[in-house]
Amino acid sequence: MHVDKQKDTRPVFRLTEIISPKEDIEFAIVSAFCWNFAWMYQMFDHKTAVIAVDHNPRGEASIKAILPNWIRTTPFLRGGFGCMHMKFMLLFYKTGRLRIVVSTANLIEYDWRDIENTVWVQDIPKLPSPVAADPKQENFASAMVRVLHGVNVAPALANLLSNDHPNLPLQRIEHLRTHWDWSKVKAALVPSIAGKHEGWPKVILSGHTCLMKSLQDMGGKTPPDKELVLECQGSSVGNYSTQWLNEFYCSARGVSAQTWLDEKKARRAKLPFPPIRILFPTARYVRESVLGEAGGGTMFCRRNQWAGKNFPRELFHQMKSKRGRVLMHSKMVLGTFRDKRGGLDRHARSAARSDSEDEDDAGADSGEKDKRLVGWVYVGSHNFTPSAWGTLSGSAFNPTLNITNYELGVVLPLHSQEEIDRVACWERPPEKYVSGRDEPWIQSESAAFVEEG
DNA sequence: TGAGGCTGCCGCCTCACAAG
DNA sequence: CTTGTGAGGCGGCAGCCTCA
């Protein structure tokens, strides 16, 4: 389990250490795709008010009191497709401190005991008195406000406030922006809100286009003399087309989709695969892991995907945990910059910078934050799939972003090679699958999962 | 040189399917 | 019980070859 920078002296987080000291927590908003409510209930003091955001398979928005002081809320899913996959916690302490947790783990024992997950934690101090927030300013807090509205927290909060808990430390979701001091947060929050997002102002607030915007804002745009190499690691495999991989890659470089949205589809389909390494465990790795095939229940790849005509089998790489033969439920995208072949020298670069591409964004490379990054890392609930990150359509003038799932993660800038190696939870560099020898773990073909289908 | 036919490319239509 | 996309099938068209 990888942790926040300040806490990396400690290699492992227990859930009881995050939700601690539990008597001091007044209120919590907690989200996960899979819940064991009885188990989680003991993690909290029974006096603590809790809003539990959960996945509803039917995709109906709902709120319901499920335990003393607990309200379960579920967000709407268009047509019942997709899932509420966000995993986060907001822990409001009696002292005013707010602890933000963004993780990859579900709230069941298995995820915290048997497999590897990743957690990002930061404590946010309360401001002595509220400050006005610029409604146009987008930052971590404003993104969190949108997330909470997106997953139907508002009616649950109103319900608590008007019943047994009128004095909660959060009276309105918007107060997150004005009552706490977020200035120390270096991470960018990257949500995917399920549904259809139309027009640039909305499109850049969600999905891979939000990743693009966040990278621009933190100076993480791939420099013109460099090439971006992506290592995408997750526990589920999507349907990858050249078009979608290039779409994602473009955003990961910090380049707006305006550059390609008006290109003909037929032409886009013929582009080569970008330099993306897709990390997924091989069948052999799962068999030889500590829990064997039975432990492969959280890894998803289907035969018809792998066998698909244009499936990018050559992009697949082994996913081996640094921490021994344990399976990982972590989801990370690691972006690193390498010199282009025949790359420009240092001098030419500054010239290239001023005259090449740069579109609408002015602040991307500016100011003191430009301590020249070597890359960046995303960690959170997003698997590397179109359902999680979204697909763009429409025109460059009026784009549409369609997202199937609710997902949440953070992006952090990386400043050194050492930091890159430390932050990745897999052995680097990842080994490429050997054609003929290596095949991905396919759960439905394992004797341990016979009832599949 | 012109008619006819073969071939490959492109665009259009329909259908199936999406992920944890 | 969405919306968008890729695959696959089909037809039109341009280019080229062959034969009279």
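Order of the sequence lines sets the chain letters (A, B, ...), proteins ahead of strands, with each chain counted from 1. What you see is a predicted model, and the numbers here were worked out from it, not measured in a lab.
Closest approach to the N402(A) side chain among dT3(C), dG6(C), dA18(B) is made by dT3(C) (side chain taken as heavy atoms from C-beta onward). The side chain of F81(A) lies closest to dC1(C), out of dC1(C), dT3(C), dA19(B). The side chain of R78(A) lies closest to dT2(C) when the candidates are dA18(B), dT2(C), dG6(C).
Residue-level contact check: T391(A) touches neither bases nor backbone, having no heavy atom under 4.0 Å from any strand. Contact annotation for E407(A): no contact, since no heavy-atom pair falls under 4.0 Å across all strands. Counting non-hydrogen atoms under 4.0 angstrom, H85(A) reaches the backbone sugars and phosphates but no base.
For K213(A), the salt bridge (charged side-chain N to carboxylate O under 4.0 Å, His left out) test picks out D217(A), with sequence neighbours left out. By the ring pair (Phe, Tyr, Trp, His ring centres under 6.0 Å) test, Y41(A) pairs with H46(A), W70(A), sequence neighbours left out.
Axis angle across the helix from dT1(B)-dA20(C) to dA18(B)-dT3(C), with five pairs used at each end and values rounded to 10°: 10°.
At whole-Å resolution of the value, NE2 in H197(A) and C1' in dT3(C) are 13 Å apart. Distance, N405(A) CG to dT2(C) C1': 14 Å, rounded to whole Å. Between the CH2 atom of W244(A) and the P atom of dT3(C) there is a distance of 21 Å, rounded to whole Å. What separates OH of Y240(A) from C1' of dA18(B) is a distance of 13 Å, to the nearest Å. To the nearest angstrom, P of dG6(C) lies 17 Å from CG of N304(A). Counting to the nearest Å, the C1' atom of dT5(C) and the CH2 atom of W389(A) are 21 Å from each other. Nucleotide dA19(B) holds its C1' atom 8 Å from the CD atom of Q305(A), rounded to whole Å. Summarising the geometry, the separation between CD1 on I403(A) and P on dT5(C) is reported as 14 Å, rounded to the nearest angstrom.
Results of the side chain to side chain contact (heavy atoms under 4.5 Å, CB included) test with W426(A) over K320(A), E231(A), K322(A) single out E231(A) as the only residue that passes.
Between the side chains of T391(A) and N402(A), no donor-acceptor pair is found at a separation under 3.5 Å. Donor-acceptor pairing under 3.5 Å is recorded for the side chains of N405(A) and E407(A).
Residue R302(A) places at least one side-chain N or O under 4.0 Å from the OP1 or OP2 atom of dA18(B). For dA19(B), the OP1/OP2 oxygens have no side-chain nitrogen or oxygen of T404(A) closer than 4.0 Å. Of the side-chain N and O atoms in Q243(A), none sit less than 4.0 angstrom from OP1 or OP2 of dG4(C).
Ring-plane geometry between F248(A) and W244(A) is classed as tilted, the angle between the planes lying from 30 to 60 degrees on a 0 to 90 degree scale.
Salt-bridge formation is detected for the pair R303(A)/E439(A): a Lys NZ or Arg NE/NH1/NH2 atom is positioned less than 4.0 Å from an Asp or Glu carboxylate oxygen.
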